[in-house]
Asker: 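I have a structure here, written as structure tokens, and I will follow up with some questions on it.
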Amino acid sequence: MGSLHVISHPLIEAKLTRMRDKDTPSPEFRTLLREISLLMGYEITRDFPTHLISVETPICLGEFPALKDDFFTIVPILRAGLGMVDGLLELMPFAHVGHIGLVRNEQTHLPEEYYYKMPEGYERSVIMVVDPMLATGGSAVDAIDSLKRRGCNNIRLVNLVAAPRGIDAVRAAHPDVDIYVAAVDEGLNEHAYIVPGLGDAGDRIFGTR
Ligand code: PRP
Ligand code: URA
């Protein structure tokens with residue numbers, strides 16, 4: 001069974017509190033999301049294997065750790081997942097980026113796929129699916145389904161705020177996937193929005209409402 005990692009850190013908590021405030025404007029909201037994503041990246045990558053390589057320092061030759069693989073694919077679920085990409089790329093500039101476009105149907109709350117574009121050979125890489133919100137879990141489950149159908153089997157999911165229902169849905173459908181979140185909130189309202197949450201992440205990132 002994949003693990004649930006709740007990444008708690010005072011800086012992440014304080015930044016997330018600013019993001020929850022309905023009066024925090026889009027430019028600040030985007031900056032905070034980028035910063036939290038970078039901070040979360042530190043934990044998400046903690047188990048990446050290293051091996052020793054030879055390096056000549058100005059003083060002597062030695063053996064030092066380097067990443068064993070450098071093929072990582074960050075997969076934002078459009079649109080809101082885009083807000084997490086820059087922070088992770090700052091940490092891992094060598095990572096590739098693939099995109100999955102999903103939108104929740106406002107009546108059924110079910111996700112519909114409208115875009116899928118991945119880097120070549122991505123099936124063999126470590127894949128980090130990123131989306132700030134894990135509400136019913138429908139979008140994340142669908143995105144991971146899509147990736148697995150195309151042969152991916154090393155997937156982790158990264159969310160900023162998750163509802164227990166979304167976590168349960170992902171764990172039931174994809175028990176092999178580790179989930180990384182900054183906060184687990186109380187639940188969902190009648191529109192399947194996370195409570196207390198931070199509202200519509202896509203709209204707040206892109207200023208569309
Ligand atoms: C939001 C969010 C997730 C999804 C979460 O996207 O970014 O992708 O809803 O909800 P779920 O867990 O119930 O599926 P939305 O469909 O609003 O699209 P957007 O990112 O383009 O705004
Ligand atoms: N999508 C969002 O952007 N926010 C929520 O609370 C739920 C789904």
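We count ligands from 1, going down the list as the structure has it; atoms in each ligand are counted the same way. Note that the structure is predicted; figures quoted are calculated from it, not measured.
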Asker: Heavy-atom pairs closer than 4.0 Å: do any link ligand 2 to the side chain of Ala80, the backbone, both, or neither?
Answerer: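 It is neither; nothing of Ala80 touches ligand 2.
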Asker: Under 3.5 Å, is there a donor-acceptor pair between the Ser37 and Arg34 side chains?
Answerer: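 The criterion, which ignores hydrogens and geometry beyond distance, is not satisfied for Arg34 and Ser37.
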Asker: Do any nitrogen or oxygen atoms of Arg79 lie less than 3.5 angstrom from nitrogen or oxygen atoms of ligand 1?
Answerer: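 It does: an N or O of Arg79 is found under 3.5 Å from an N or O of ligand 1.
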Asker: Taking everything shown except Arg150 itself, do over 12 heavy atoms lie less than 6.0 Å from its CZ?
Answerer: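 Yes - once you tally the heavy atoms of other residues, nucleotides and ligands closer than 6.0 Å, there are more than 12.
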Asker: Is it true that Asp185 and Arg20 have a side-chain N and a carboxylate O under 4.0 angstrom from each other?
Answerer: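 Judged by the 4.0 Å cut-off on N to carboxylate O distance, Asp185 and Arg20 do form a salt bridge.
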Asker: Closer than 4.0 Å and a protein heavy atom, does any atom meet both conditions relative to atom 1 (C) of ligand 1?
Answerer: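 Given the 4.0 Å cut-off, atom 1 (C) of ligand 1 does not count as touching protein heavy atoms.
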Asker: Counting each atom of ligand 2 from 1 as listed, which ones have a heavy atom of Gly199 under 4.0 Å away?
Answerer: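 Counting from 1, the qualifying ligand atoms are 2 (C), 3 (O), 4 (N), 5 (C), 6 (O).
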Asker: Between Ala80 and ligand 1, is there a nitrogen or oxygen pair with a distance under 3.5 Å?
Answerer: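 Such a contact does occur with ligand 1.
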Asker: Of all the atoms in ligand 2, which lie at a distance below 4.0 Å from a heavy atom belonging to Ala192?
Answerer: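 In order of numbering, the contacting atoms are 7 (C).
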Asker: Out of all atoms in ligand 2, which are within 4.0 Å of some heavy atom of Ala201? Include the element for each.
Answerer: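 It comes down to these atoms of ligand 2: 2 (C), 3 (O).
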Asker: Polar-atom distance check: Asp131 versus ligand 1, any N or O pair below 3.5 Å?
Answerer: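 The answer is yes, given that Asp131 and ligand 1 share an N or O pair closer than 3.5 Å.
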Asker: I'd like to check whether Gly202 has a polar contact with ligand 1, where a contact means an N/O of the residue lying under 3.5 Å from an N/O of the ligand.
Answerer: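 N/O-N/O distance below 3.5 Å does not exist for this pair.
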Asker: Do Asp176 and Lys148 meet the salt-bridge criterion of a basic N to acidic O distance under 4.0 Å?
Answerer: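 Looking at Asp176 together with Lys148, the answer is yes, because their closest N to O distance falls below 4.0 Å.
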Asker: For the residue pair Asp200 / Tyr193, report whether a side-chain donor-acceptor contact shorter than 3.5 Å exists.
Answerer: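 Result is yes, a qualifying pair exists.
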Asker: When only distance counts, is Ile77 in polar contact with ligand 1, meaning an N/O pair under 3.5 Å?
Answerer: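 Ile77 vs ligand 1: no N/O contact under 3.5 Å.
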Asker: Between Thr24 and Arg204, do the side chains contain a donor N or O and an acceptor N or O under 3.5 Å apart?
Answerer: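 Per modelled atom types, Arg204 and Thr24 side chains form no pair under 3.5 Å.
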Asker: Right, does atom 6 (O) of ligand 1 have protein non-hydrogen atoms nearer than 4.0 Å?
Answerer: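 So far as the 4.0 Å threshold goes, atom 6 (O) of ligand 1 is out of reach of every protein heavy atom.
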Asker: Do Ile12 and Leu160 share a hydrophobic cluster (ILVMFWY, side-chain heavy atoms under 4.5 Å, transitive)?
Answerer: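 Ile12 clusters together with Leu160.
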Asker: Number the atoms of ligand 1 from 1 as they appear, then name those within less than 4.0 Å of a heavy atom of Gly137, with their elements.
Answerer: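 Counting from 1, the qualifying ligand atoms are 11 (P), 12 (O), 13 (O).
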Asker: Backbone or side chain, does any N or O of His109 fall under 3.5 Å from an N or O of ligand 1?
Answerer: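 There is no such contact.
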Asker: Verify the distance criterion only: is there a donor paired with an acceptor across the side chains of Glu113 and Ser146 at less than 3.5 Å?
Answerer: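 Yes, Ser146 and Glu113 have a side-chain donor paired with an acceptor closer than 3.5 Å.
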Asker: Please find out if less than 6.0 Å separates the ring center of Phe94 from that of Phe71.
Answerer: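 No; Phe71 has its ring centre 6.0 Å or more from that of Phe94.
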Asker: For atom 11 (P) of ligand 1, what is the nearest protein heavy atom, given as residue, atom name and distance?
Answerer: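 In this structure, atom 11 (P) of ligand 1 has Thr136 OG1, 3.4 Å as its nearest protein heavy atom.
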Asker: Using 4.0 Å as the upper bound for N to carboxylate O, is an ion pair formed by Asp23 and Arg18?
Answerer: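 The answer is no: the pair does not qualify as a salt bridge.
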Asker: For atom 5 (C) of ligand 2, grab the closest protein heavy atom and report residue, atom and distance to one decimal in Å.
Answerer: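 So the nearest neighbour among protein heavy atoms is Tyr193 CD2, 3.3 Å.
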